[in-house]
There are 2 protein chains.
Amino acid sequence: MADKTTYSISELAKEFDVTTRSVRFYEDQGLLKPARRGQTRIFSSKDRVRLKLILRGKRMGFSLAETKELFDLWDETLTGNEKQLLKMLAILDNKRAHLEQQKNDIAQAEMEMETAETRCREALAELQKRKESQTEQPSSEKAGA
Amino acid sequence: MADKTTYSISELAKEFDVTTRSVRFYEDQGLLKPARRGQTRIFSSKDRVRLKLILRGKRMGFSLAETKELFDLWDETLTGNEKQLLKMLAILDNKRAHLEQQKNDIAQAEMEMETAETRCREALAELQKRKESQTEQPSSEKAGA
DNA sequence: GATAAAGTTTACGTAAACGTAAAGTAAATT
DNA sequence: AATTTACTTTACGTTTACGTAAACTTTATC
């Protein structure tokens, strides 16, 4: 299934849970370059990989333009001159910094989510206690303000 | 500086490198709730924290609406009923899944960036070799200008 | 008291990433 | 042959997250 060599637009759309509209849009923006049989697009496994990369890029907060730039530079690493190669290396450095930022953000978020979860569970426990004491004799009440 | 209790809009904007327009927009969308002295907004340290969270949320791919929902639910954990608390816990679970996805994405990206870097450096080395063989006899050459 | 600096509201404009509808083609099925 | 199914192009519409300009107030400074 995954080692097929060609794909229709709807096959790809279905596999990655995107609309055909999106796939066509990505082609329009120069991120995918499917072959054609007549009018019909025929996607290669390279296209499939790129679609996967596009979607991951999106999840990581990259714009389509950024991803396209990476694709283009990547292709140029095969034929490119020194200047382009150095640019690619520079961009890779930037991306690495980006990844570090993301890792920090994630670590922070994880910590805060633990705090949040604890607070929620404590609040729930508090509610439980009140429920139980409501069942007993209404002897005392806690202050509220 | 960071433990001040109130901030002007431009102070916050400067600190987090956003425009005042953005800050006002966030208020408009209900994410910030600065006090007012006359017309002028006065931001508390709570607002400052929230702004930080907003921006981190953006870096992590959260929309302002999503972040607002989290803020609102968070506030409700103080007063909220059981249903809201459970909802908050459910959302926290979702976010955790989201974080896992992000971590996977990052790990993948890191691996592929290594591959890319290697390819770049190899291509560069290849160019160097050709340069040298072009120069032929000259035994010593100094790099850089 | 004129002016500059920082703040405000109102409102139209914009870029990105598609959604959605219209209208047509091309192959497969009934 | 007629219809369904999958695909196509063209093109206007929509949401998010602001940018940008205009016109106005408030506070500080010369």
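Fair warning: this is a prediction, and the values are worked out from it, not measured in the lab. Residue numbers start from 1 in every chain, and the chains themselves are labelled A, B, ... in the order their sequence lines are given, proteins ahead of strands.
- A salt bridge links A/Asp72 to A/Lys68: one of the charged nitrogens lies within less than 4.0 Å of a carboxylate oxygen.
- Contacts classified as ring-ring contact (aromatic ring centres under 6.0 Å, His included) and involving residues 38-78 of chain B (residues at least two apart or in different chains) are given here: B/Phe62-B/His98.
- For A/Glu112, the salt bridge (charged side-chain N to carboxylate O under 4.0 Å, His left out) test picks out B/Arg56, with sequence neighbours left out.
- For A/Lys87, the salt bridge (charged side-chain N to carboxylate O under 4.0 Å, His left out) partners two or more places apart in sequence, or in a different chain, are A/Glu69.
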Could you go through nucleotides 3-9 of chain C and list every protein N or O atom that sits under 3.5 Å from one of its N or O atoms, giving the distance for each pair?
{"unit_1": "C/dG7", "atom_1": "OP1", "unit_2": "B/Ser8", "atom_2": "OG", "d": "3.3"}
{"unit_1": "C/dG7", "atom_1": "OP1", "unit_2": "B/Ser10", "atom_2": "OG", "d": "2.4"}
{"unit_1": "C/dG7", "atom_1": "OP2", "unit_2": "B/Ser10", "atom_2": "OG", "d": "3.0"}
{"unit_1": "C/dT8", "atom_1": "OP1", "unit_2": "B/Arg41", "atom_2": "N", "d": "2.7"}
{"unit_1": "C/dT8", "atom_1": "OP1", "unit_2": "B/Arg41", "atom_2": "NH1", "d": "2.9"}
{"unit_1": "C/dT8", "atom_1": "OP2", "unit_2": "B/Arg24", "atom_2": "NE", "d": "3.1"}
{"unit_1": "C/dT8", "atom_1": "OP2", "unit_2": "B/Arg24", "atom_2": "NH2", "d": "2.8"}
{"unit_1": "C/dT8", "atom_1": "O5'", "unit_2": "B/Arg41", "atom_2": "NH1", "d": "3.0"}
{"unit_1": "C/dT9", "atom_1": "OP1", "unit_2": "B/Arg36", "atom_2": "NH1", "d": "3.2"}
{"unit_1": "C/dT9", "atom_1": "OP2", "unit_2": "B/Arg41", "atom_2": "NH1", "d": "3.1"}
{"unit_1": "C/dT9", "atom_1": "OP2", "unit_2": "B/Arg41", "atom_2": "NH2", "d": "2.6"}

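- Salt-bridge check for A/Arg96 with A/Glu100: failed, with every basic side-chain N at 4.0 Å or more from each acidic carboxylate O.
- Hydrophobic clustering places A/Ile106 together with B/Met113 (ILVMFWY residues linked when any side-chain heavy atoms are closer than 4.5 Å, directly or through intermediates).
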Between protein and nucleic acid, restricted to nucleotides 14-23 of chain C and to nitrogen or oxygen atoms under 3.5 Å apart, what atom pairs and distances do you find?
{"unit_1": "C/dA17", "atom_1": "OP1", "unit_2": "A/Leu64", "atom_2": "N", "d": "2.9"}
{"unit_1": "C/dA17", "atom_1": "O3'", "unit_2": "A/Lys58", "atom_2": "NZ", "d": "3.4"}
{"unit_1": "C/dC18", "atom_1": "OP1", "unit_2": "A/Lys58", "atom_2": "NZ", "d": "2.9"}
{"unit_1": "C/dC18", "atom_1": "OP2", "unit_2": "A/Tyr26", "atom_2": "OH", "d": "2.7"}
{"unit_1": "C/dC18", "atom_1": "OP2", "unit_2": "A/Lys58", "atom_2": "NZ", "d": "2.7"}
{"unit_1": "C/dG19", "atom_1": "OP2", "unit_2": "A/Thr19", "atom_2": "OG1", "d": "2.7"}
{"unit_1": "C/dG19", "atom_1": "N7", "unit_2": "A/Arg21", "atom_2": "NE", "d": "3.2"}
{"unit_1": "C/dG19", "atom_1": "O6", "unit_2": "A/Arg21", "atom_2": "NH2", "d": "3.1"}
{"unit_1": "C/dT20", "atom_1": "O4", "unit_2": "A/Arg21", "atom_2": "NE", "d": "2.9"}

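- Sorted by first then second residue, the ring-ring contact (aromatic ring centres under 6.0 Å, His included) pairs that include residues 103-124 of chain B, not counting sequence neighbours, number zero.
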